[in-house]
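Proteins get letters first, then strands, A, B, ... in listed order; numbering begins at 1 in each.
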Amino acid sequence: MKEETRKQDKFTIISELARRRGFYWQSYEIYGGVSGFATYGPLGARLKQNIERKLRELFVDKLGVLEIESPVITPEKVFVASGHVEHFREPMVECVKCKKRFRADHLLEEVAGVSEAEAEKMSLDELSETLKKNSIQCPECGGALGEPKQFLTMFKTTIGPYSEAVGYGRPEAAQGIFVEFRRLYEMAREKIPFGVLQIGHALRNEISPRQGLLRVREFTIADLEFFFDPEEPDCHLLKEVKDEMLRLVLAEHRLKGSEKITEVSVAEALKKGYVKSEWHAVFMAYAKKLLIELGVSAENQRFIEKLPWERAHYSSQSFDQQVLVERWGWVEVSGHAYRGDYDLKQHAESSGVDMCVFKEYEKPVEREQLVIKPLMANLGPVFKNEAGKVAELLSKADPQEVEVSLKKEGFFKIGKYKILPEHINVLRQKTVERGRRFIPHVVEPSFGSDRLLYVALEYAYRAKEDRALLNFPPDIAPIQLGVYPLVSKDGLPEKALALCRELVDEGFVAEYDEAGSIGRRYARADEVGIPLGVTVDYDTLKDGTVTVRDRDSWKQVRSPSKDLPQLLHRYFRKKIGFDALGAPI
RNA sequence: GCGGUUGUAGUCUAGUUUGGCAGGACAUCAGCCUCCCACGCUGACGACCCGGGUUCAAAUCCCGGCAACCGCACCA
């Protein structure tokens with residue numbers, strides 16, 4: 001891209017506008033700034049809250065998902081169990097001569113022809129050895145390579161005064177949900193399926209974050225872990241979104257080097273097996289609708305299926321929801337991973353806590369079961385002090401086998417012990433199974449708040465008659481109303497200020513402005529995306545009506561100020577449009 | 001992390017070649033004007049990325065750091 005075009009591209013314009021008007025900027029500016037960290041100003045903080053509120057409305061209010069808030073600092077054990085300590089790192093080697101750094105595993109793949117799967121499994125020592133064996137040198141300058149080192153992309157810290165109590169800043173909010181699964185399951189009244197949402201900060205020590213809000217080291221993630229029974233994978237919400245169209249870039253096409261878009265309905269995507277789980281597909285549909293509500297039209301969105309080696313270690317199928325932005329092309333705004341039972345299983349194993357759920361059958365299943373009961377009175381005298389061991393072995397034996405062997409041979413050999421019929425009772429016992437125990441499967445939609453905010457900004461940006469305008473959807477606009485006196489004299493300011501207070505009292509985010517000409521104030525308001533302007537003029541003094549101005553069309557309607565609260569509430573709830581706010585002028 | 005380019009009020013920028021009072025525009029604030037889209041007038045506020053060096057004197061030259069942009073690399 002040419003320097004000139006870059007100067008005017010939307011990323012530059014948005015970044016400048018964001019800084020100037022207080023949406024966001026780079027943190028720690030007074031000390032020169034630190035890349036990968038952003039501070040949200042008054043407008044940005046509010047915009048972000050509004051976007052997150054929409055996530056809550058969608059998932060918590062409508063779908064009944066539970067929301068929690070858990071710590072960022074996490075003891076090492078958790079991320080050892082989750083696999084992050086092992087996988088959230090890159091082996092790097094540095095050239096001794098030119099100091100360039102390379103991924104050690106990638107070098108082996110490219111230069112020595114080691115397969116990707118193999119290279120990924122290697123330890124540092126193995127990598128080092130293989131590099132030496134193949135006498136691999138710096139691909140840039142031919143210099144010698146140093147020892148490979150791990151670059152861990154999690155932030156490491158210690159908990160309390162003991163250096164051995166290692167902790168990490170979480171790179172995702174999901175683990176905070178998995179480790180609390182038992183309690184959350186109880187709070188869901190032990191009913192499956194259910195979902196848990198967490199919106200909070202996550203940390204990733206990116207090597208070189210350079211894309212403004214799109215890649216920061218500390219960011220806000222909205223992880224929704226949805227737990228369901230893999231044997232009953234049906235989603236009751238499917239009917240609501242089955243006809244929603246999804247634009248998919250499938251792995252099979254990507255493997256052939258194509259980014260062909262397959263446009264199918266949710267129902268079709270499932271039928272054709274493009275998306276493996278109903279819940280997965282349903283959440284993708286909701287994600288698409290959410291982005292539309294944030295101002296990103298369908299044709300500027302797509303879901304790209306991750307290739308096996310691009311997927312995170314826990315995932316068996318993943319789609320990234322991407323949005324087209326001007327400077328960088330397609331960028332990820334949400335990830336949709338099928339995590340299976342990976343995480344709960346890992347935590348169950350590491351912690352020793354059972355992560356199974358119990359699901360009652362509609363009708364209990366009666367089952368006749370073969371049971372072996374050792375008759376200790378008879379075993380004792382024969383095996384003496386080994387009798388206990390024999391009994392234990394018997395409890396592990398397959399009853400079926402025991403019975404068959406006894407019938408056929410007249411005895412059953414277990415280890416070095418010979419069991420005769422009189423040593424045991426073989427019973428047919430009726431048991432009633434009332435349900436099933438299993439580890440739930442998880443589908444995870446995971447949104448990056450900061451990225452949602454950036455795309456909402458970029459898609460809201462319009463240049464109109466040489467001035468900037470942000471046409472946020474009214475329900476995410478950081479400021480809802482601008483209230484103005486037409487001129488600042490003759491009692492109009494007092495009247496307007498009173499009206500503004502009244503509207504704030506009614507629960508609106510309204511701002512009063514009397515500085516400069518009315519045109520200038522409209523322009524100022526447009527630039528931060530205030531959807532409606534309410535202007536008090538001389539007619540207001542006579543008949544109590546005010547003008548309401550629409551940010552996008554600049555149209556105006558006239559309405560009695562006393563009707564405003566009710567009308568505006570309906571407008572911001574999307575019950576009525578702008579024209580219904582009053583009489584045309 | 002590497003290489004190249006760059007860093008002047010909130011924003012855009014002049015000045016850097018050749019060291020010598022840092023200037024403008026927009027925005028903001030106060031006042032005037034103003035009956036609906038950045039009008040005009042008066043005034044005010046406000047900057048040389050940070051640290052060190054050379055020099056009588058540094059925005060300017062040199063060194064180091066930080067940051068941004070571009071390229072490379074990286075992005076579980």
Side-chain angles (χ1 to χ4, degrees), chain A residues 1-3 6-7 9 11-13 15-22 25-37 41 79 82-95 97-103 106-107 120 138-141 151-154 171-172 204-212 214-215 217 306 309-315 318 327 331-332 335 337 464-469 484-490 492 514-527 533 535-541 546-551 553-556 558 585:
Chain A
M1 206 181 287
K2 284 254 166 65
E3 187 84 4
R6 205 169 254 284
K7 268 194 173 163
D9 78 0
F11 180 78
T12 310
I13 293 169
S15 303
E16 273 164 16
L17 180 60
R19 217 175 316 141
R20 193 156 43 82
R21 299 305 305 268
W25 54 84
Q26 190 183 33
S27 304
Y28 311 113
E29 269 179 335
I30 64 164
Y31 290 108
V34 180
S35 72
F37 297 93
F79 288 127
S82 70
H84 284 83
V85 169
E86 189 189 343
H87 291 105
F88 223 79
R89 53 171 75 230
E90 308 298 338
M92 312 266 292
V93 274
E94 193 179 65
C95 168
K97 206 166 129 200
C98 72
K99 302 283 176 204
K100 288 216 161 145
R101 289 186 178 188
F102 307 91
R103 285 274 299 266
H106 288 187
L107 275 182
E120 232 165 57
C138 172
E140 287 291 315
C141 71
F151 179 76
L152 185 69
T153 42
M154 285 194 290
E172 58 168 21
R204 295 183 192 186
N205 202 359
E206 302 282 356
I207 295 171
S208 125
R210 266 195 202 169
Q211 302 169 3
L214 297 179
R215 250 176 96 211
R217 293 188 166 113
K306 295 269 211 162
W309 56 85
E310 291 173 338
R311 288 198 301 251
H313 56 277
Y314 47 69
S315 166
S318 280
R327 166 93 64 104
V331 304
E332 179 192 346
K464 179 161 182 169
E465 293 185 10
D466 219 30
R467 71 196 208 195
L469 187 155
Y484 320 106
L486 182 60
V487 293
S488 35
K489 60 176 185 184
D490 300 332
L492 295 185
E514 63 160 87
S517 71
I518 187 70
R520 177 188 298 235
R521 283 175 262 158
Y522 286 152
R524 248 198 304 253
D526 286 347
E527 201 178 43
T535 304
V536 167
D537 56 24
Y538 288 99
D539 288 343
T540 313
L541 300 178
V546 292
T547 62
V548 182
R549 168 195 181 262
D550 179 47
R551 173 196 63 201
S553 64
W554 295 8
K555 276 201 289 187
Q556 300 196 359
R558 204 156 182 95
I585 295 178

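Note on A:Arg21: nothing from the nucleic acid sits closer than 4.0 angstrom, heavy atoms only. In this structure, A:Tyr314 reaches the bases: a heavy-atom distance under 4.0 Å links it to at least one base atom across the strands shown. Looking at heavy-atom distances under 4.0 Å, A:Ser35 makes contact with sugar-phosphate atoms alone, never a base.
Using C1' as the reference atom, B:rC49 and B:rA59 are 11 Å apart when rounded to the nearest Å. Between B:rC45 and B:rG53, the distance separating the two C1' atoms is 35 Å to the nearest Å. For the P atoms, the distance from B:rU6 to B:rC74 is 28 Å, rounded to whole Å. Distance noted for atom P between B:rC72 and B:rC63: 27 Å (whole Å). Between the C1' atoms of B:rG4 and B:rA44, the separation comes to 43 Å (whole Å). A gap of 12 Å separates the P atoms of B:rC21 and B:rU16, to the nearest Å. If you take atom C1' in B:rA22 and the same atom in B:rA58, they sit 13 Å apart, rounded to whole Å. Taking atom P in both B:rG46 and B:rU11, one finds a spacing of 16 Å when rounded to whole Å.
Remark: P of B:rC50 and OH of A:Tyr31 are 13 Å apart, rounded to the nearest angstrom. One atom, CH2 of A:Trp25, and another, C1' of B:rC49, lie 18 Å apart when rounded to the nearest Å. Across the protein-nucleic acid pair, A:Arg210 atom CZ and B:rU6 atom P stand 17 Å apart, rounded to whole Å. The CZ-C1' distance, from A:Arg217 to B:rG1, rounds to 11 Å in whole Å. Going from atom CD of A:Glu16 over to atom P of B:rC26 covers 18 Å, rounded to whole Å. Put simply, CD1 on A:Ile13 is 18 Å from C1' on B:rG10, counting in whole angstrom units. Between A:Tyr28 atom OH and B:rA68 atom P there is a gap of 14 Å when expressed in whole angstrom units. Following rounding to the nearest Å, A:Arg215 (CZ) and B:rA68 (P) show an atom-to-atom distance of 12 Å.
Note that NE2 of A:His313 is 8.5 Å distant from CZ of A:Phe88, once rounded to the nearest 0.5 Å.
Separation of the A:Tyr484 and A:Tyr522 ring centroids falls under the 6.0 Å cut-off.
Figure legend. B:rU54 is base-paired to no nucleotide; pairs are counted as Watson-Crick or G-U wobble with both atom distances under 3.5 Å. Searching all strands for a Watson-Crick or G-U wobble partner of B:rA59 with both distances below 3.5 Å returns nothing. Of all nucleotides present, only B:rU28 satisfies the Watson-Crick or G-U wobble test against B:rA44, with each distance under 3.5 Å. Summarising the base pairing, B:rU16 is matched to no nucleotide, lacking a Watson-Crick or G-U wobble pair whose two defining distances lie under 3.5 Å. Judged by Watson-Crick or G-U wobble contacts below 3.5 Å, the nucleotide B:rG1 has B:rC72 as its partner.
A salt bridge links A:Asp9 to A:Arg327: one of the charged nitrogens lies within less than 4.0 Å of a carboxylate oxygen.
At a cut-off of 3.5 Å, with distance as the only test, no side-chain donor of A:Ser82 or A:Tyr314 sits close to an acceptor on the other residue.
No option in A:Arg467, A:Arg551, A:Arg521 other than A:Arg467 meets the side chain to side chain donor-acceptor pair (under 3.5 Å) test with A:Asp526.
Residue-environment remark: OH (A:Tyr28) stays at or below the threshold of 12 foreign heavy atoms within 6.0 Å.
Looking at A:Arg19, its side chain never comes within 3.5 Å of a backbone N or O of A:Trp25 through a donor-acceptor pair. Although no hydrogens or angles enter the test, the distance criterion places no donor-acceptor pair under 3.5 Å between the side chain of A:Asp490 and the main chain of A:Leu492.
Here A:Gln26 does not reach the OP1 or OP2 of B:rA67: none of its side-chain N or O atoms lies under 4.0 Å away.
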* Treat primed atoms plus P, OP1 and OP2 as sugar-phosphate and everything else as base, then score nucleotides 37-45 of chain B 5' to 3': B for base contact with protein heavy atoms under 4.0 Å, S for sugar-phosphate contact only, - for none. => BBS------

